[in-house]
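These numbers come from a predicted model, not from an experiment. Below, read A as the first sequence line, B as the second, and so on, with proteins coming before strands; counting in each chain starts at 1.
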Amino acid sequence: MEIGLTHYLIVSAILFAMGIFAIITRKNAILVLMGLELILNAANLNFIAFARYGGLNVNGEIAALFVIIIAAAESAVALSIILNIYQNYHHVNVDEVETLKD
Amino acid sequence: MINYLKNIIKGFSTILVGMKVTFINLFRPNVTVQYPNVHPLVRAGSDKMPDNARNKLNVIIPKCTGCKSCEKACPVNCITIETTKVASIDTEKPLMEDGKKRVFWLSQFDIDFAKCCFCGLCTIACPTSAIVHSTDFEYSCYDRNELLVHFSPFNKEQVAEKKRILAEEVKQKAEKALADKQAAEKAAQEQNITDSKIKSSDDQTSANQNIQNNSN
Amino acid sequence: MNLEAVIFYLFALIIVASGGLVVLSKNIMHAAFALMFTLFGLAGFYAMLLSDFLAVSQIMIYVGGILVLIIFGVMLTSKITGVELKTGPIGKVNYLFGAAISVIIACGLSLLFTNSKWIEKPVDKIPDSSINAIGYSLLTEYILVFEVAAVLLLIALIGAALIAHKDQIIDSDASSNEISTNNDIKIKE
Amino acid sequence: MENHQFLFNFISEYTGDILAGVLIAIIPLALLLVYALVAIYGELKIASFIQLKLGPMRTGKWGLLQPVAEVFKLLQKEDITPDGADKPLFNLAPFIIFLGCYAALSVLPLSSHFAPSGLNIGLFFIIAISSLAVLGIVMGGWASNNKYSLIGAMRSVSQIISYEIPAAMCILGVASMAHSLDMNVISAQQQGGFWNWYVLGGPAGISKIWLIPFTVVMFIVYFVTSLAETNRTPFDVPEGESELVAGYHTEYSGMKFAFFYLAEYGNMFVVSAIMTVIFFGGWSSPFGDFLNSPIWQIFWFIAKSMFFVGLQIWLRWTLPRTRVDQLMYLCWKILLPLSMVCFLAMALGGMLY
């Protein structure tokens, strides 16, 4: 069978679902962040698959590039927030962080 | 700003100076001596060794009388000596260093430096100062057996030859003694016949015999 | 079954397996390193989709940047040696709930993707490299976005440094008192 | 049955492709292994000559078999996994590091007619793939369950990530002058004598003379950066044995340690090869068309790279180890501004010529 657009899209769907699963179930904030990265990557895969097969061409690739840039910025900020949480609570469990201010 | 640039240039130039030093060293002759293979020409301090330094033992064979005092004195039994008597019929007439006649051949004189503890007791025990500490302090070798040093001037064949000569002499002596004995018996028989004739000289002969015994 | 298909399934297997490890592993470190394989598999996919620049960018930014950042985050938020790095799910109900939702999403998206009539335009001429085209359109068509992204990165850099800074710049009275008392105790000791 | 049939069909259909792929993959590996033996021997010999010693002399004539003996020694050593180590990560780490080095080798153009993989974004690929070593180092350091390993790994990672920025600046500068990221194209542009090398301003005739100071400074910056990226002295803080036993590979032994060793020397070759390509003409002969046939090009490429490997070894036995704060000072306050200034000049040169 020839590999086409649908194959890539299904892989991206699976990746997306796994990211959602991680965000819903995991306790540790860093693992939630990893789930987020999975979701972003799934979106990226879609962009590039469409760039190749759907006639999106360079535009798709550039969108993916910006997604990567934003993912980098987002993970830096998210990790700094997580570090801050760790300094205040001495853990990073998302379900036990209840207050925004001491 | 100027300081900053100066700092950079200084750092860079000092690195270059260091690299020059190492580059020159790269082509200088090396000072390593591949020690056990190549001995350094001047061994470190071998001529400035103190007189009582206890280094490798050396045996001056012409001085050695073969008295085995050193073997007895050695606390770790590293000296093995075997002597063979000098046969009087031997054509070689060996002399000691001081001109006296040699009594023993040193058919074996081994020192095992693997065992030696460098106490120096053997040098004290030696009556003729034949065994002394030398200035040689290097023992490194590839095989432990190389540390067993033979000082005897003879190899196995020569030792066997000397022993054979000695045995011959002993045999000759024994034959001679036998012949003497037989001759003496004969003479005794003859004397018995004449014994009664000369009774008065008995005391004198016994006195003579006594003197002979004493002198022996 | 051709070579492309074999390579595709190989990469798909790597992505799904390591992604599953990311999601299900109890050890955060293992999850982080499994994420590396996921990202590599995706880079392989991008290369197969003829966007080599994106593939290399993926390796450079995700693997060399974000993942290292995440690993440092893990190391800084768990006391590294002697402390359990394991973390569990929030609860059994939540687990089932999450599994159900993700299965529904996966199935739904897959159905959607297979049943939709996409306009498929396979690229006839394989371009030498997508880098020229990307560079050209970044500096013409998308110049504003490009600049905004640069500013965004700068803001993120400063913001991250500010948030993670140990001594808060805006001190409340209580916290400053605490700090001073701590210092006093230290001096007395 | 079906599976067998499928496999058989698949293999018979693609035998040529698979065979060619394997053969081409083996070439850089063979190159790496032979080079590692030469480099280890060279390191031992140069180190001892600089210290007025002889170096290895007992194994073979002049100790020529010493690296081979070391390989066999490492092969027969016991492979220890420490108690309490994270086994999968611990076992994986050396291979990840080696993978980064090996993948970088795959895009080096050995000659105008041969590169294992003629990637058109080769330089970018090399910068990207060398970040794999960072992950391998963290993995090994963390999985060893040893504080020294962990501190060494953290230091190493912070050092490599910091120095990646000036290194990328240098590569970008040359890329902006060459208008290409393809290493083969960059090498081809510098053909026709050493005057055309990018360290001397590139192929732009006499008018480029104002560019030469900038390119030379850029080359020096890249050389310093490459030392730091391969954790070589004077920047081998992560392995400082006076503080950290041996850094991130303290707990490794036997074959896995050999992989670390191989990757270190391989990375030395990779950075030297990048330097050769972007500043010293890659495979092109320094004397115009003289000795510039494809076979001789391989010789020129390897000779130039080995020269820089030798330079790294020479520098290692010259300078003492820096402190961590000096290391970071050098990177952020000296190399980065310098490389940025030079990058601006080179970008201008790229626009003009």
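- Phe40(C) has its side chain within reach of Leu132(D): a pair of non-hydrogen atoms, C-beta onward, lies under 4.5 Å apart.
- Counting heavy atoms from C-beta on, the side chains of Met75(C) and Val138(D) come closer than 4.5 Å.
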Intermediate values then yes/no, side chain to side chain contact (heavy atoms under 4.5 Å, CB included), Ile127(D) and Val56(C): CA-CA 9 Å; Ile127(D) 308 176; Val56(C) 179; over 6 Å; no

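- Phe37(C) touches chain D through its side chain: at least one heavy atom from C-beta onward sits under 4.5 Å away, while N, CA, C and O do not.
- Between Ser131(D) and Met60(C) the shortest side-chain heavy-atom distance does not fall below 4.5 Å.
- Within a 6.0 Å radius of CZ in Phe146(C), other residues, nucleotides and ligands contribute 12 heavy atoms or fewer.
- With a 4.5 angstrom heavy-atom cutoff, Ile59(C) touches chain D via backbone and side-chain atoms both.
- Within the 4.5 angstrom heavy-atom criterion, no atom of Ile160(D) approaches chain C.
- Between Phe33(C) and Pro88(D), every side-chain heavy-atom pair lies at or beyond the 4.5 Å cut-off.
- The CE atom of Met154(D) lies 10.5 Å from the CD1 atom of Ile71(C); values are rounded to the nearest 0.5 Å.
- The local environment of OH in Tyr148(D) is sparse, with at most 12 non-hydrogen atoms from other residues, nucleotides or ligands closer than 6.0 Å.
- Using a 4.5 Å heavy-atom cutoff, the side chains of Ile131(C) and Asn120(D) are not in contact.
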